[in-house]
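Accompanying notes for the structure given below.
Numbers restart at 1 for each chain; the letters A, B, ... are given by sequence-line order, proteins then strands. Values reported hereafter were calculated over all heavy atoms of this structure, with side chains retained and with hydrogens, waters and symmetry mates removed.
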Amino acid sequence: MSEERSLNFIEEIVEEDLQSGKYGGRVLTRFPPEPNGYLHIGHAKSICLNFGLAHKYGGKTNLRFDDTNPVKEDVEYVDSIKEDVKWLGFDWADELYASDYFDTLYDLAVILIKKGLAYVDDSTAEEIAVQKGTPTEPGTPNQYRSRSVEKNLQLFADMKAGKYPDGAKVLRAKVDLASPNMQLRDPLMYRIKHAHHHRTGDQWCIYPMYDFAHGQSDSIEEITHSICTLEFIPHRPLYDWFIEQLGIFPSKQYEFARLNLNYTVMSKRKLLQLVEDNHVEDWDDPRMPTISGLRRRGYTPASIRDFCERIGVAKRENMIDVSLLEFCIREDLNKTAWRRMAVLDPVKLVITNYPIDKTESLFSENNPEVEGGEGGRELPFSNELWIERDDFMEEPPKKFFRLGVGLMVRLKSAYIIKCESFTKDEQGNVKEIQCTYIPDSKSGHDTSGINVKGTIHWVSVPHAHTAEVRLYDRLFRVEDPSNEDGDFKEYLNPDSLQIIPKAYIEADLANAIPGKGYQFIRKGYFTLDKHSTAGKLVFNRTVTLKDGWVKK
RNA sequence: UGCCCGAUAGUAUAAAGGUAGUACGACGGUUUUUGGUACCGUUUGUCUAGGUUCGAAUCCUGGUCGGGCAACCA
């Protein structure tokens with residue numbers, strides 16, 4: 001392939017650094033999730049960026065858990081994050097934890113205290129907030145700011161030793177209370193939390209804040225390019241300040257715009273609410289934008305990587321249309337999914353001139369997109385078939401290429417039939433459609449000379465298996481639920497899940513393989529749900545087929 | 001109203017002072033035993049006002065609009 005994609009701005013930076021020999025030709029990135037929730041498609045963008053960059057330039061990527069807030073974090077999340085990153089197809093160099101550096105971080109804090117650049121503050125959170133001033137007014141120093149190095153050293157050691165209750169004291173960096181950048185107004189470095197940590201247990205009762213953990217962790221690992229999202233831009237001067245004062249490895253932070261997808265929400269907090277309030281089944285509900293939800297829905301790792309490649313990387317806020325995600329999964333599945341027939345909304349069709357007790361076996365290929373079709377399977381055919389209710393109309397409009405009295409269609413991989421009549425039940429619903437078939441129109445051996453415009457799918461009544469089929473639609477009714485008035489949950493789409501308890505499926509689908517995508521011909525792509533069993537098959541619709549037929 | 005970031009078709013994303021291009025979407029057509037796929041075509045864009053320049057999406061200045069920052073969250 002000579003196709004050359006232009007570089008995104010971060011790749012440009014990396015190439016410049018590589019050329020100038022800034023890090024000796026080394027590229028080391030990191031993916032640093034906090035283990036307080038499940039990964040979502042937005043994280044996938046970051047994962048693809050970080051791992052992709054390292055891969056492209058012969059570097060490596062660490063997986064680092066930013067676990068500095070024990071009250072929000074859990075091993076359940078650690079495990080799911082590792083599973084999701086692996087599933088996406090990436091291998092990390094080292095699995096690391098900010099909590100691994102608690103000792104080192106403590107020592108670094110002591111260094112700053114000794115340099116007179118950090119102090120213990122006894123103020124309450126409220127007092128500190130007031131003293132920080134506002135964006136338009138500078139902050140004011142308090143009495144604690146001028147404590148002696150010795151006193152600070154002692155107090156900080158006492159904090160660590162557990163002599164104070166939560167909130168009694170904090171360690172702050174002495175930077176600039178008048179800075180126009182609020183992040184520099186003596187930011188907190190450590191707070192007291194007598195809380196159990198999922199890795200360090202009860203060893204610590206003081207925990208470093210993000211600003212005194214993230215950059216230092218980057219530096220300890222000698223990360224070359226620390227990539228994060230836009231909201232951390234104001235933190236960058238502080239990131240650099242700590243590194244400079246400490247004289248440690250100069251990792252550099254770069255920021256890109258996070259992914260926003262329309263008709264969903266992307267914050268862990270909101271996703272957690274949906275789970276806790278039972279608006280969805282769990283974090284891996286197929287309607288969720290989580291990696292695990294997309295996986296259960298039938299998305300493939302390749303399709304998500306392709307999506308992340310296509311959306312690009314820049315610094316401006318964006319709102320990506322879900323239709324692009326859908327395009328990516330269709331593109332992948334079209335080439336790989338085996339075709340099968342399933343009737344979701346059945347109506348019976350009887351072929352009046354086909355022998356009642358006859359069963360015929362018809363061949364149908366697995367995948368027309370591949371040379372040779374990747375083999376195929378035998379389809380039993382009889383005089384009674386299930387077809388899709390909307391493939392018949394009592395009064396078909398002009399360009400309706402399906403059934404209606406007098407109209408002809410081909411039954412996929414079988415015969416051409418002609419609709420002769422139909423019957424209704426007491427409620428006036430079509431109950432049965434009567435057709436005749438053209439014996440010499442058999443698929444592959446058609447000598448009838450008849451050309452029909454439409455082909456429909458079908459399942460033989462006596463040979464049909466059944467399955468529950470779940471159809472999903474967008475989770476929200478509006479493009480940007482977070483930006484609407486009131487609570488975002490008011491904008492949930494009440495029809496985001498439609499369950500079809502009994503669909504008729506061709507026999508071979510009883511052997512469907514978990515994790516594999518199937519195309520139900522003319523209906524979309526489907527995959528087995530995790531709750532599917534041999535006794536009760538359950539299929540999730542991953543995505544519909546693109547529908548070029550607009551009614552009327 | 002302090003500081004910071006940003007603004008290119010409907011949505012994203014290129015063009016590093018020199019032809020505004022690509023993808024998705026939409027629309028139309030050809031092919032088709034999936035109204036799918038494939039292929040072809042059409043459509044719509046540089047926030048604004050100045051300035052620098054032979055030449056500006058790009059550089060400069062002002063404005064407008066969007067976003068971020070004052071958590072013992074990350």
Side-chain angles (χ1 to χ4, degrees), chain A residues 5-8 12 32-34 36 66-69 71-73 98 121 123-125 128-139 166-172 179-185 188-193 206-207 209-211 213-214 228-237 255 257 262 268-269 307 310-328 330-331 334-335 339 341 364 368-369 399-402 409-414 416 441 443-444 446 451-457 519-524 544-551:
Chain A
R5 185 178 59 81
S6 50
L7 304 178
N8 64 49
E12 283 177 6
E34 182 188 15
N36 67 343
D66 226 336
D67 55 350
T68 57
N69 187 2
V71 300
K72 285 189 175 176
E73 298 153 8
D121 193 326
S123 308
T124 64
I128 289 177
V130 171
Q131 289 159 10
K132 275 192 183 178
T134 68
T136 52
E137 303 162 76
D166 288 5
K169 289 179 166 45
V170 292
L171 182 72
R172 298 175 71 178
S179 172
N181 180 348
M182 297 300 291
Q183 304 301 329
L184 260 21
R185 319 251 266 228
L188 272 61
M189 294 168 61
Y190 271 90
R191 76 283 216 191
I192 299 170
K193 264 184 207 275
I206 56 171
Y207 291 93
M209 299 288 290
Y210 167 85
D211 286 305
H214 200 102
C228 61
T229 45
L230 256 26
E231 65 269 30
F232 291 100
I233 289 178
H235 294 248
R236 191 182 342 120
E255 312 85 8
N262 57 10
K268 282 189 200 170
R269 203 190 95 251
F307 173 73
R310 286 170 184 271
I311 57 178
V313 178
K315 293 190 80 157
R316 75 183 80 108
E317 308 280 342
N318 59 78
M319 174 71 79
I320 308 284
D321 201 311
V322 281
S323 64
L324 182 62
L325 221 208
E326 295 179 343
F327 166 81
C328 292
R330 284 192 189 108
E331 174 121 304
N334 176 50
K335 297 194 190 81
R339 273 55 173 177
M341 292 206 276
S364 191
E369 291 300 308
K399 292 219 171 140
F400 189 69
F401 304 141
R402 312 182 197 176
V409 295
R410 173 172 293 280
L411 293 168
K412 173 71 182 171
S413 298
I416 292 174
S441 67
S443 185
D446 189 347
N451 251 326
V452 293
K453 204 81 167 107
T455 299
I456 65 171
H457 59 282
Q519 184 192 107
F520 290 1
I521 291 175
R522 299 207 303 140
K523 294 273 93 178
T544 60
L545 253 29
K546 194 174 156 190
D547 192 358
W549 190 63
V550 279
K551 294 173 178 81

State the pairing partner of B:A16; accept Watson-Crick or G-U wobble contacts with both distances under 3.5 Å, and report none otherwise. none

Would you measure the distance from the C1' atom in B:G45 across to the matching atom in B:A9 and give it in whole Å? 4 Å

Minimum side-chain heavy-atom gap A:V409-A:I416 below 4.5 Å: no

Hunt down the Watson-Crick or G-U wobble partner of B:G28, both distances under 3.5 Å, from any strand shown, or write none. B:C40

Heavy atoms under 4.0 Å, any strand shown: does A:I233 hit a base, just sugar-phosphate, or nothing? sugar-phosphate

Does any nucleotide pair with B:U61 by Watson-Crick or G-U wobble geometry, both distances under 3.5 Å, and what is it? B:A49

Euclidean distance for C1', B:U19 against B:U46 (whole angstrom): 15 Å

If you measure from the P atom in B:A20 to the same atom in B:C47, how many Å do you get, rounded? 15 Å

Which part of the nucleic acid, if any, lies within reach of A:R185 when heavy atoms closer than 4.0 Å are counted: base, sugar-phosphate only, or nothing? nothing

How would you label the contact of A:Y190 with the nucleic acid (heavy atoms, under 4.0 Å): base, sugar-phosphate, or nothing? nothing

Taking the P atom in each of B:A15 and B:U22, what is the distance between them to the nearest angstrom? 15 Å

Nucleotide forming a Watson-Crick or wobble pair with B:G66, both distances under 3.5 Å: B:C5

Between A:R330 and A:G167, which residue's closest nucleotide on RNA chain B lies nearer the 5′ terminus? A:R330

Describe the nucleic acid contact of A:G139 in one word from base, sugar-phosphate, nothing, applying a heavy-atom distance below 4.0 Å. nothing

Go through it in stages, so that I can follow the logic: the residues are A:V170 and A:I128, the test is side chain to side chain contact (heavy atoms under 4.5 Å, CB included), and I'd like the CA-CA distance, side-chain angles, deciding distance and then a yes or no. CA-CA 10 Å; A:V170 292; A:I128 289 177; 3.8 Å; yes

How long is the span from the CD1 atom in A:I233 to the CD atom in A:Q183, to the nearest 0.5 Å? 12.0 Å

At 4.0 Å (heavy atoms only), tell me whether A:N181 reaches a base, stays on the sugar-phosphate, or touches nothing. nothing

NA contact type, A:E137, heavy-atom cut-off 4.0 Å: base, sugar-phosphate, or nothing? nothing

NE2/A:H235 to CD/A:E255 distance, rounded to the nearest 0.5 angstrom? 10.5 Å

Please classify the nucleic acid contact of A:V313 as base, sugar-phosphate, or nothing, using heavy-atom distances under 4.0 Å. sugar-phosphate

Taking a pair as Watson-Crick or G-U wobble with both distances under 3.5 Å, which nucleotide is matched to B:A23? B:U11

A:S323 or A:N451, whichever maps to the more 5' nucleotide of RNA chain B: A:S323

What is the first contacted nucleotide of RNA chain B and what is the last, in 5' to 3' order, if contact means an atom lying under 4.0 angstrom from a heavy atom of chain A? B:U1 to B:A74

Contact class for A:H214 (heavy atom, under 4.0 Å): base, sugar-phosphate, or nothing? nothing

Sticking with atom P, work out how far B:U53 lies from B:U58, rounded to a whole angstrom. 16 Å

CZ-CE distance between A:R172 and A:M209, expressed to the nearest 0.5 angstrom: 11.0 Å

Applying a 4.0 Å non-hydrogen cut-off, can you work out what A:F307 is touching in the nucleic acid: base, sugar-phosphate, or nothing? nothing

Electrostatic pair A:E34-A:K72, nearest N-O below 4.0 angstrom: no

Sugar-phosphate, base or nothing in reach of A:P368, heavy atoms under 4.0 Å: base

How long is the gap from CG on A:N262 to OG on A:S323, to the nearest 0.5 Å? 7.5 Å

Can a side-chain donor-acceptor contact be found between A:D121 and A:S123 if the only test is distance below 3.5 angstrom? yes

Select base, sugar-phosphate, or nothing to describe what A:T68 touches, counting heavy atoms under 4.0 Å on all strands. sugar-phosphate

What contact category does A:A125 fall into here, base, sugar-phosphate, or nothing, at under 4.0 angstrom with non-hydrogen atoms? base

B:U61 and B:G41, which share atom name C1', separated by this distance in whole Å: 45 Å

Rounding to the closest angstrom, what is the interatomic distance between B:C73 and B:U8 at atom P? 37 Å

Categorize A:L545 for me: base, sugar-phosphate, or nothing, with a 4.0 angstrom heavy-atom threshold over every strand shown. base

Indicate, with a heavy-atom threshold strictly under 4.0 Å, whether A:S123 touches base, sugar-phosphate, or nothing. base

For atom C1', what is the distance between B:C59 and B:G18, given to the nearest Å? 15 Å

Would a 4.5 Å heavy-atom cut-off, applied to side chains only, mark A:N69 and A:N36 as touching? no

Taking a pair as Watson-Crick or G-U wobble with both distances under 3.5 Å, which nucleotide is matched to B:A56? none

